[in-house]
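Throughout, residue positions are numbered sequentially from 1 according to the sequence presented. First listed ligand is number 1; within each ligand, the first listed atom is number 1.
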Amino acid sequence: MQILDHINTFAVKVYLCCMAFNTEIGTSIETAAVYLKEGQLIGMPTETVYGLAGNALDPEVIAKIYEVKERPLYNPLIIHVAEQDQARSLVREWPPELEKLMSLFWPGPLTLLLERSKGIPDLVTAGLPRVAIRLPDHQMARDLILACGFPLAAPSANLFTRISPTTAMHVHAQLEGRIPYILDGGPCAIGLESTILGHENGRWVIYRTGAITASDLAPFLGIVHTYQGTKTPVAPGMLPMHYAPKTKLVFGPMNAEAPEVKSGRAALLRFKSRLPSKCPQVILAADGQTRTAAKNLYAAMHELDALGKDIILAEPVPEEGIGRAINDRLRRAGSSSV
Ligand code: TXA
Ligand code: MG
């Protein structure tokens with residue numbers, strides 16, 4: 001693993017020295033498709049977060065994704081398809097339960113881990129036996145995939161471990177100069193990465209929580225477990241170090257009497273109401289809805305991070321529906337901050 005990482009770090013440096021793009025933001029699917037057909041990467045909108053997209057079937061392009069994102073090579077990529085048949089062509093076996101799931105949840109924020117077919121480059125799955133596939137609920141993303149004629153591998157379009165982007169400007173802030181084009185599809189409707197679901201040892205497992213919850217899936221699959229491991233990279237989205245702002249973030253109940261709050265040195269991430277305090281604060285959901293909070297979460301983290309305060313304090317949201325996934329991301333953002 002370590003040798004691979006050294007090679008990757010070196011490759012990133014060489015690649016970034018040779019390639020400096022004047023990154024354009026636009027709404028042309030044709031332009032984005034031209035770049036992708038040339039083997040370049042672009043920023044792609046989806047309903048969850050923006051992706052850093054490239055031809056999923058070209059190993060050189062996949063290598064470029066790891067380089068541009070500065071992502072370790074052991075952390076595999078999700079393949080995005082425009083139609084169900086395109087997904088079938090990427091897998092060896094199609095469990096019958098999936099027909100129902102696909103008709104109900106695709107297009108949508110559900111990524112399926114399935115036995116990969118032979119044509120998929122090893123680098124996409126980081127050598128793992130399963131491939132992650134999803135059909136995004138964003139018309140521009142699907143039109144783009146159709147215009148390309150090949151599926152698109154796309155991790156979230158942030159640098160490794162940093163905050164995921166939910167607008168074209170967020171992508172620009174992190175990847176400017178590294179890619180030629182960002183397709184602007186507006187702010188992401190959901191705002192949190194997709195739920196990752198797979199079948200393992202006879203049971204269904206959610207490897208990453210998201211907008212589609214275990215109780216949404218239970219009527220079709222029975223009991224759905226949530227992956228508890230943190231060390232093995234079955235789905236490294238479950239690794240503790242992830243989604244971090246540069247500013248130290250502390251996740252937990254908030255107290256107006258805490259020294260950082262009283263001194264005004266903190267920036268506050270609040271669920272639905274202000275804390276009586278002079279600290280700058282962002283309210284995620286004045287309407288008290290966890291879905292609203294999800295949509296605003298990453299933009300709020302970007303905004304608070306840019307203030308350059310000593311610390312960001314983030315309070316938990318209710319553990320219901322997508323609220324679990326929000327708390328999961330905040331917990332990881334906290335554990336990875338310095
Ligand atoms: O909503 C999303 O899923 C977004 C948008 C752009 O589609 N994509 C996204 O990709 O979040 P990424 O790469 O940031 O996170 C994908 C997660 C990673 O934790 C990765 O380890 C896991 O999916 N994953 C991908 N392929 C896998 C595989 N073959 N086996 C196990 N885990 C996999
Ligand atoms: Mg990511």
Side-chain angles (χ1 to χ4, degrees), residues 41-54 56 62 65-66 68-81 90-91 105-117 120-138 140-142 144-145 151-166 170-171 174-175 182-183 185 188-200 205-212 227 229-230 232-244 294 298 322 325 328-329 332-333 336:
L41 311 182
I42 61 115
M44 171 179 76
T46 82
E47 80 283 28
T48 56
V49 299
Y50 273 71
L52 171 63
I62 301 303
I65 294 179
Y66 284 96
V68 166
K69 193 177 155 78
E70 300 186 19
R71 179 176 200 157
L73 292 169
Y74 59 76
N75 196 348
L77 310 177
I78 296 176
I79 298 188
H80 297 67
V81 295
L90 300 171
V91 301
F105 296 107
W106 276 12
L110 180 68
T111 295
L112 299 172
L113 275 184
L114 297 163
E115 295 298 314
R116 56 188 274 206
S117 71
I120 297 173
D122 279 340
L123 215 44
V124 173
T125 65
L128 293 170
R130 291 184 292 181
V131 59
I133 305 179
R134 91 178 193 91
L135 202 166
D137 189 11
H138 196 298
M140 284 171 90
R142 293 199 302 273
L144 177 64
I145 298 165
L152 294 175
S156 50
N158 51 284
L159 295 175
F160 182 56
T161 75
R162 292 287 160 209
I163 308 170
S164 297
T166 54
H170 292 159
V171 181
Q174 290 198 50
L175 300 184
I182 301 165
L183 182 62
C188 300
I190 291 178
L192 270 194
E193 299 83 355
S194 58
T195 303
I196 302 182
L197 176 76
H199 195 250
E200 181 182 310
V205 180
I206 287 180
Y207 295 99
R208 180 175 69 184
T209 51
I212 294 172
Y227 180 71
T230 50
T232 10
V234 177
M238 302 301 276
L239 286 175
M241 193 176 117
H242 230 90
Y243 317 106
Y298 289 136
I322 199 170
D328 166 75
R329 302 306 193 273
R332 288 166 208 279
S336 58

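Ranked by closest heavy atom to atom 28 (C) of ligand 1, the top entry among T125, L113, L114 is L113.
Checking T48 against R134 by side-chain atom types alone, a donor-acceptor pair falls below 3.5 Å. For the 3.5 Å distance criterion, the side chains of S156 and E193 fail to qualify, holding no donor opposite an acceptor.
In the vicinity of L77, heavy-atom distances shorter than 4.0 Å reach the ligand 1 atoms 25 (C), 26 (N). For ligand 1, the atoms sitting less than 4.0 Å from at least one non-hydrogen atom of G51 are 6 (C), numbered in the order shown with element in parentheses. Ligand 1 places these atoms under 4.0 Å from at least one heavy atom of L128: 30 (N), 31 (C). Each of the following atoms of ligand 1 lies closer than 4.0 Å to a heavy atom of H80: 5 (C), 6 (C), 7 (O). Those atoms of ligand 1 that come under 4.0 Å of a heavy atom in R130, given as number and element, are 28 (C), 29 (N). Using a 4.0 Å cut-off to heavy atoms of S194, the atoms of ligand 1 that qualify are 1 (O), 2 (C), 3 (O). Taking every non-hydrogen atom of I196 and a distance limit under 4.0 Å, the qualifying atoms of ligand 1 come out as 17 (C), 22 (C), 23 (O). Atoms of ligand 1 lying under 4.0 Å from at least one heavy atom of E193, given by number and element, are 1 (O), 11 (O).
Under the rule for a salt bridge (Lys or Arg N to Asp or Glu O under 4.0 Å), R162 has no partner lying at least two apart in sequence or in another chain. Considering only residues two or more places apart in sequence or on other chains, Q174 meets the side chain to side chain donor-acceptor pair (under 3.5 Å) condition with none of them. The side chain to side chain contact (heavy atoms under 4.5 Å, CB included) search around H199 returns W204, not counting sequence neighbours.
Between S164 and Y298, the closest heavy-atom pair is O-CB, 3.3 Å. The minimum heavy-atom distance linking V49 with L192 is given by the pair CG1-C, 4.1 Å.
Every heavy atom of R116 sits 4.0 Å or more from the atoms of ligand 1. Note on ligand 1: M44 sits outside its first shell, no heavy atom being nearer than 4.0 Å.
Checked by atom type and distance alone, the side chain of S117 pairs as donor or acceptor with a backbone atom of L90 at under 3.5 Å. Side chain of H138 to backbone of G185: a donor-acceptor contact under 3.5 angstrom is found.
Near-neighbour remark for the Mg ion (ligand 2): protein N, O or S atoms under 2.8 Å are S156 OG; waters not counted.
In terms of polar-atom proximity, defined here as any N/O pair under 3.5 Å, R208 does make such a contact with ligand 1. Ligand 1 has an N or O atom lying under 3.5 Å from an N or O atom of R71, backbone or side chain.
Among the candidates N158, I42, I182, L52, the single residue satisfying the side chain to side chain contact (heavy atoms under 4.5 Å, CB included) test with L175 is L52. Each of L73, V124, D122 was compared with I62 under the side chain to side chain contact (heavy atoms under 4.5 Å, CB included) criterion, and only V124 meets it. Here the rule is side chain to side chain contact (heavy atoms under 4.5 Å, CB included) with E47, and of C188, S194, P109 only P109 fits it.
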